[in-house]
Each structure stands twice: as structure tokens, then as C-alpha cells.
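Quantities reported herein were computed from a predicted structural model and do not represent experimental measurements.
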Amino acid sequence: KETDSSSTTIDGYQLVAKILKSLGIDAAFGVLGIPVTKLGICCQQEKVRFISTRHELPASYAAGAFGYLEGKPGVCITVSGPGCLHALAGLASATVNCFPMILLSGAAENSQIDRGAFQECDQLRAAVPHAKQVFRVDDITDSARFLCRAFHVARSGRPGGVYIEFPSNVLHQKLEREKVEELLSFSKEFISSPRNMPVPTATVVQQTVQFLRNAERPLVVIGKGANYARAEEELAGFINTLKIPFLATPMGKGCIPDSHPQSAAAARSLVLKEADVVLLVGARLNWILHYGKPPRWSNQCKFIQLDICEEEFYRNTNIALAVFGDIQESVRLLHNAVKLEPFEVPVDWRNKVRQKCDENTKKLESRLQESKMPLDFHCALNAMRQVIASLPHPKPILVSEGANTMDFGRLILPVEEPRSRLDAGTWGTMGVGMGYAIASAVSNPGRSVIALEGDSAFGFSGMEIETIIRYNLPILTVVFNNNGIYGGTEKSADPADPAPTCFVPNAHYEKIAEAFGGLSYWIETAEQLGKALREALASKKPALLNVIIDPAAGTESGSLTSHN
Ligand code: ADP
Ligand code: MG
């Protein structure tokens with residue numbers, strides 16, 4: 001074997017794995033095959049944990065989520081041609097969600113291009129629209145230079161996906177061992193140089209504070225950018241001083257706990273409609289925030305946007321003030337400026353928000369107390385909520401997707417820690433859940449992960465249950481099984497076929513876990529759900545809980561009915 005340490009040369013596989021390790025990459029996700037098989041093995045030799053999934057799609061989603069959770073690029077490794085194309089969805093998704101990620105693919109060699117070579121494909125051009133930058137490494141001695149660039153571009157400015165490919169002949173190239181040290185010293189020097197994060201000028205800081213001081217009904221909106229920037233301490237300090245109501249976006253949740261007294265989560269419609277000054281912290285005014293426009297927002301509302309991407313400002317609506325900077329440091333500066341002359345936001349506004357929250361919370365609580373058979377979303381989620389509430393901190397990471405499952409889950413299951421809730425994200429992508437759950441478990445050793453999946457969402461990557469069990473990841477996959485997309489009640493217009501949104505009714509998804517030796521549960525009642533959750537969490541073993549939900553309980557498109 002060429003991996004023999006007495007050999008005077010090493011090859012491209014070994015070199016790439018060594019460079020990845022020198023960049024601080026501790027895990028990679030992918031599917032092995034020609035020409036990258038040996039790369040997975042070399043990764044293991046270099047102590048880069050290699051998570052080998054059953055399809056490139058979940059591997060690519062895992063790499064993006066891993067980048068988000070770790071604050072540095074997550075890596076997905078694919079074979080040439082089809083394998084690479086399968087992973088482009090994850091690359092695109094990472095770029096759209098602002099997750100740092102590197103898709104590293106094998107490729108057919110130059111001399112074989114246009115010959116109809118094995119898995120030949122113009123991958124580079126396919127990747128261009130979905131990546132911040134693409135690289136092709138044509139000589140092994142360029143590996144360190146290009147991998148450092150890929151790493152740098154993925155994490156810098158607004159984070160996103162970068163594509164890099166290694167033709168098979170380059171992976172087979174040999175290099176003298178002395179040269180290896182030289183290349184590694186390049187990547188080690190790169191990674192150890194300090195990063196400069198942008199901060200707003202003193203004037204902009206002053207202006208921001210002035211806006212907030214003069215506001216009658218101010219609001220902070222916390223997006224997933226704040227979670228990514230690890231700004232939880234700075235934001236908590238800022239919010240506590242000002243007592244300013246805040247609203248988190250679906251993945252901005254947890255940066256400040258949902259249970260915080262200033263959380264306006266239960267008064268979302270009210271605060272959107274009535275806020276007069278809004279500080280956006282790492283959140284875009286896209287569809288998730290109704291484009292910042294009436295009727296959901298007041299047309300008098302002044303937006304102050306804090307973001308690391310200057311190009312993002314003025315999209316969809318004019319903003320009163322652009323605060324260009326990294327969230328962590330910028331919020332610290334804002335808080336310092338407030339502390340010089342402290343103030344609190346008007347008490348009438350705080351009381352109004354609190355009152356509305358109490359009212360809505362009460363309504364939801366009484367709805368949650370209704371017991372239904374078969375289970376509906378509220379009943380099932382209430383059982384889960386009770387178990388989660390009884391657990392010590394840190395709570396399990398929650399991954400959630402599926403239309404109704406995700407919408408109701410977001411309302412009912414509180415998030416108490418930063419970077420602890422991942423969902424369909426900016427694209428509203430169904431099928432990310434199993435990859436995200438795997439990334440969450442790998443990034444948080446010892447901590448449980450709950451993957452709450454609609455039956456349709458689960459189906460995209462259900463085979464990853466085998467991956468989860470093979471790596472013994474403490475992931476509880478909870479399938480809310482209502483027999484179809486949105487629900488299994490649609491009538492078919494073709495007597496020969498089922499309706500296109502309906503699945504096999506009462507399917508035994510739990511048998512998938514059973515097939516590979518995981519824990520499996522068929523669940524029809526709230527008591528069974530609570531018991532199974534507690535048991536599976538205590539065991540720290542992979543489990544699949546198949547929860548039978550009333551097929552008529554959901555609504556079409558979940559909370560997005562007007563889009564369909
Ligand atoms: P959400 O879906 O939660 O609203 P978005 O993905 O729309 O979140 O927005 C996240 C924003 O955070 C992006 O505009 C991105 O440029 C920004 N961002 C990411 N990292 C940082 C950072 N370190 N500092 C400031 N802004 C950041
Ligand atoms: Mg369903």
C-alpha cells in the first residue's frame with residue numbers, strides 16, 4: 001500500500017487529506033467511489049472523521065449544516081459526474097443559506113475530456129451558479145494553494161459554498177516527502193493568521209443607538225446570521241440592557257432563549273405590524289420576513305440592517321441605516337455605546353407586547369390540552385414538548401422539516417440554546433433533515449439530536465437511517481406519519497393510481513430502523529410517544545419513532561397556503 005510511511009513519496013490522496021487536517025477540518029461527509037475512494041481512507045488516517053452516507057445529497061446537506069454549526073467550512077467529498085451533480089443541491093443550498101461549505105469532487109482527467117470517459121461531466125461549469133467560486137486543481141503542487149483559497153472564500157464575507165475539483169490523474173500524482181512539508185507549512189501559516197472582521201464606524205454606531213433611543217416601538221429581529229456569528233452573549237447583554245422586544249427567525253431561534261422575557265415570538269403579527277424601528281441582526285428581508293413590506297409590516301417602519309454582506313442592503317425596501325459589520329463585534333460596540341448613557345425602551349410598548357404574548361400563549365396552551373385520537377400535530381408536539389422540558393441543558397438539537405410538522409413544531413417546541421434548531425431554511429427545502437441531523441450529531445458529540453420529520457420530508461433520505469445506526473449517532477428520528485404530502489386525504493383523479501400527494505397509508509417506517517438494528521417504535525398515543533422519547537433519549541441509541549397522525553389534521557402547504 002502507498003500509505004506506507006516508509007515510502008519517500010506520497011500521492012494526491014494523502015496530500016489532500018493532510019491539507020484538510022492542517023486547515024482544522026475534523027470531519028468530512030460523502031460517498032466514495034472512483035476516483036476518490038482512497039481519499040476517504042486517507043482522511044481517516046489523518047483523523048479527519050469520514051462520514052460515509054448512502055447518497056451524495058444528504059452528505060452535501062450535512063456538510064453545509066456542519067459548516068454552519070462549526071463556524072468554518074464543512075466538507076463534502078464526491079465522485080465525478082453523477083455523484084458531484086447529486087451534491088450540487090447541497091452546495092447551492094449552502095450558498096443560499098450563507099453556510100460555509102466546500103464541495104470537493106473527483107473529476108475525469110484532462111486527456112479524457114470529450115472522449116466519453118467514465119463519468120465525464122463539465123462539473124466546473126455546472127457548479128458555477130451555485131458557488132461563490134470554483135477551482136480545478138491541475139497539479140498536485142497547487143493543492144495547498146487552492147484548498148486554502150477554497151476555505152478562505154467559503155468563510156469570508158457572507159459565507160457560502162465553494163467548489164473544488166481534483167482530476168483523477170492529479171490525485172494519482174506523486175510528491176517527494178520534503179515537498180509535502182513545504183505545502184503543509186503554507187496551509188498552516190494560512191490558518192494561523194488572524195482574521196479581520198469588519199466593524200461599523202463610530203458614527204454609524206451612534207446613529208443606530210440614536211434611532212433606538214428615539215423609537216416608540218422598537219424591535220430586534222434575530223436571524224440565523226446571529227447564530228452563525230456566535231453573538232449570543234453580546235446580543236443577550238444588549239437586549240437585557242434595553243429590555244427591547246425581539247423576534248427570532250426560524251433558524252435565528254435559540255440565540256436568545258425562547259423563554260426570555262423580551263421574546264415576542266408569541267406576538268409575531270403584532271410586532272411586525274406595529275414596530276416603528278427594527279434592528280435586523282443577520283436576517284434578510286426575504287419571503288421569511290414578508291419582504292419588509294405592508295400589509296405585514298407598517299409602511300412607516302424604519303429598518304436598520306446589520307449584516308456582513310454590504311450587497312444585501314436595500315433589497316426589497318429602503319433601509320434607514322446600513323450597519324456593515326460582523327454581528328458579534330458590532331453588537332458589542334452598540335451595547336458599549338448604549339452603556340455610556342443607558343436607556344430602556346418605552347414601557348407601554350413592552351407591556352403591550354407582553355400582554356399579547358400572554359394572550360396567545362394561553363390560547364395555544366388550551367389548544368394543547370385537547371386530546372385527540374388519532375393524534376393531531378398539537379397533541380403529538382405537546383407530548384414531545386413535555387419530555388424536552390424535563391431534560392437538563394443543553395437540550396437535544398432539534399432538526400425539523402415537513403410543512404405542517406415544521407410549522408407547528410416551530411410554535412410549540414421551544415429552543416433554549418444557540419445553533420440548536422435547523423430547518424428547511426431560506427429555500428424551504430424538504431429533504432435536508434437527515435443530513436442536518438447527522439451534521440448536528442457529529443458537531444456535538446454526546447448531545448442528542450431529534451430529527452422531527454414529516455413523512456414526505458423523511459422519504460427524501462430515509463436510507464440515512466442506516467448511516468446513523470452504522471456510526472451510532474444519538475439521533476431520534478421522529479416521523480409524523482399522516483400518509484402523504486400535507487396529509488393523505490386527497491382523492492385521486494385517476495382510478496388506476498393513488499393521488500399524487502398520497503403515500504401507502506399507515507406505513508411502518510420504524511421497520512427501517514429495525515432492519516439495521518436501531519430502536520423502533522410504532523406510536524398511536526401521546527403516552528406512547530412520551531414513553532418512547534424518554535426511553536430512546538436515555539439509551540443514547542439511534543431510534544425511529546413512527547407517529548401516526550390524523551391524515552386530515554394538516555393544511556395544504558402548511559402556513560404557506562397562499563403560495564400553492
Ligand atoms: P434568516 O433566514 O434567519 O432570516 P438569512 O439567511 O436570511 O437568515 O440572513 C442571514 C444574514 O446574516 C445574511 O444576510 C448574512 O450575510 C448575514 N451574516 C452571516 N454571518 C454574519 C456575520 N458574522 N456578521 C454579520 N452578518 C452575518
Ligand atoms: Mg405528511
Side-chain angles (χ1 to χ4, degrees), residues 27 29 49 51-54 58 62 65-66 69 254 375 379-402 405 409 412-417 419-422 433-455 457-459 461-481 507-549:
F29 306 84
R49 190 174 189 194
I51 306 293
S52 169
T53 59
R54 300 301 296 267
F66 195 68
L69 294 167
L375 288 172
C379 265
L381 285 163
N382 188 45
M384 290 181 67
R385 183 181 70 144
Q386 285 172 352
V387 173
I388 294 169
S390 73
L391 299 170
H393 290 275
K395 306 282 182 183
I397 293 185
L398 181 67
V399 175
S400 183
E401 59 170 346
T405 304
I412 297 168
L413 301 177
V415 185
E416 300 293 325
E417 281 107 5
R419 295 169 292 286
S420 297
R421 183 180 181 282
L422 289 90
M434 302 317 288
Y436 282 10
I438 290 170
S440 301
V442 174
S443 174
N444 292 274
R447 194 165 161 195
S448 293
V449 177
I450 297 178
L452 176 56
E453 302 276 308
D455 51 345
F458 173 70
S461 296
M463 194 63 182
E464 297 310 324
I465 292 293
E466 190 275 333
T467 307
I468 289 168
I469 293 170
R470 182 162 28 103
Y471 287 90
N472 197 25
L473 302 173
I475 298 172
L476 275 62
T477 306
V478 180
V479 179
F480 274 12
N481 181 1
H508 280 269
Y509 291 108
E510 80 286 1
K511 301 264 183 202
I512 302 177
E514 203 181 305
F516 303 109
L519 301 174
S520 62
Y521 301 89
W522 167 272
I523 288 161
E524 293 183 23
T525 68
E527 294 67 41
Q528 289 169 350
L529 177 51
K531 186 167 172 283
L533 258 182
R534 270 189 290 270
E535 192 177 292
L537 282 166
S539 78
K540 293 261 170 207
K541 290 207 179 91
L544 199 152
L545 286 65
N546 183 16
V547 186
I548 305 306
I549 302 282

>> Donor-acceptor check, side chain of Asn546 to backbone of Asn481, threshold 3.5 angstrom: yes or no?
In response: no
>> With side-chain contact (heavy atoms from CB on, under 4.5 Å) as the criterion, how do Phe480 and Leu381 come out once you've worked through the C-alpha distance, each side chain's angles and the decisive distance to 0.1 Å?
In response: CA-CA 10 Å; Phe480 274 12; Leu381 285 163; 3.8 Å; yes
> Can you tell if the side chain of Ile512 reaches within under 4.5 Å of the side chain of Thr477, non-hydrogen atoms only?
Replying inline: no
> Distance-only, no hydrogens or angles: does the Lys541 side chain make a donor-acceptor pair with backbone N or O of Asn472 under 3.5 Å?
Replying inline: no
>> For the CD atom of Glu514 and the CD1 atom of Ile465, what is their distance to the nearest 0.5 Å?
In response: 13.0 Å
> Closest approach of Ser52 and Thr467, non-hydrogen atoms and distance?
Replying inline: O-CG2, 3.6 Å
>> I'd like to know if the side chain of Lys540 reaches the main chain of Gly446, judged simply by a donor and an acceptor atom lying under 3.5 Å from each other, with no hydrogens or angles considered.
In response: yes
>> How close do Ser440 and Leu69 get, counting heavy atoms only, and between which atoms?
In response: CA-CD1, 3.6 Å
> To the nearest 0.5 Å, what is the distance between CE (Met434) and CD1 (Ile468)?
Replying inline: 3.5 Å
> Are Val449 and Leu473 side-chain neighbours, meaning at least one heavy-atom pair lies under 4.5 Å?
Replying inline: no
>> If only side-chain N and O atoms count, and only distance matters, is there a donor-acceptor pair under 3.5 Å linking Arg447 with Ser420?
In response: yes
>> For a quick test of reading the model, state the closest non-hydrogen atom pair linking Leu519 to Ser539 and the distance between them.
In response: CD1-OG, 3.3 Å
> Do Phe516 and Met463 have side chains that get closer than 4.5 Å, going by heavy atoms?
Replying inline: yes
> Under the 3.5 angstrom rule, does the side chain of Gln528 hit a backbone N or O of Thr525 as a donor-acceptor pair?
Replying inline: yes
>> Below 30° counts as parallel, above 60° as perpendicular, anything between as tilted: where do the rings of Phe458 and Tyr509 land?
In response: perpendicular
> Shortest non-hydrogen contact from Ser390 to Val387?
Replying inline: OG-O, 2.6 Å
>> Under the side chain to side chain contact (heavy atoms under 4.5 Å, CB included) test against Ile397, which residue among Leu422, Ile450, Ile475, Val415 passes?
In response: Leu422
> With side chains defined as the heavy atoms from C-beta onward, is the minimum distance between Ser520 and Lys511 less than 4.5 Å?
Replying inline: no
>> Do Tyr521 and Glu535 pair up side chain to side chain, a donor and an acceptor below 3.5 Å, judged on atom types alone?
In response: yes
>> To the closest 0.5 Å, what do you measure between CG (Leu545) and CD1 (Ile523)?
In response: 4.0 Å
> Shortest non-hydrogen contact from Thr405 to Gly454?
Replying inline: OG1-CA, 3.7 Å
> Is it true that a side-chain atom of Glu464 and a backbone atom of Arg54 form a donor plus acceptor pair closer than 3.5 Å?
Replying inline: yes
> Between Glu527 and Lys531, is there a side-chain N and carboxylate O pair less than 4.0 Å apart?
Replying inline: no
> If you take all heavy atoms of Asn382 and Ile412, which pair is closest and at what distance?
Replying inline: N-CG2, 4.4 Å
> Taking C-beta and beyond as the side chain, do Val442 and Phe29 meet within less than 4.5 Å on heavy atoms?
Replying inline: yes
> CG of Leu452 to CD of Glu401: how many Å apart, nearest 0.5 Å?
Replying inline: 9.0 Å
> Is Tyr436 reaching over with its side chain to a backbone N or O of Ala451, donor-acceptor style, under 3.5 angstrom?
Replying inline: no
> For the atom pair CD1 (Ile388) and CZ (Arg534), what is the distance rounded to the nearest 0.5 Å?
Replying inline: 11.5 Å
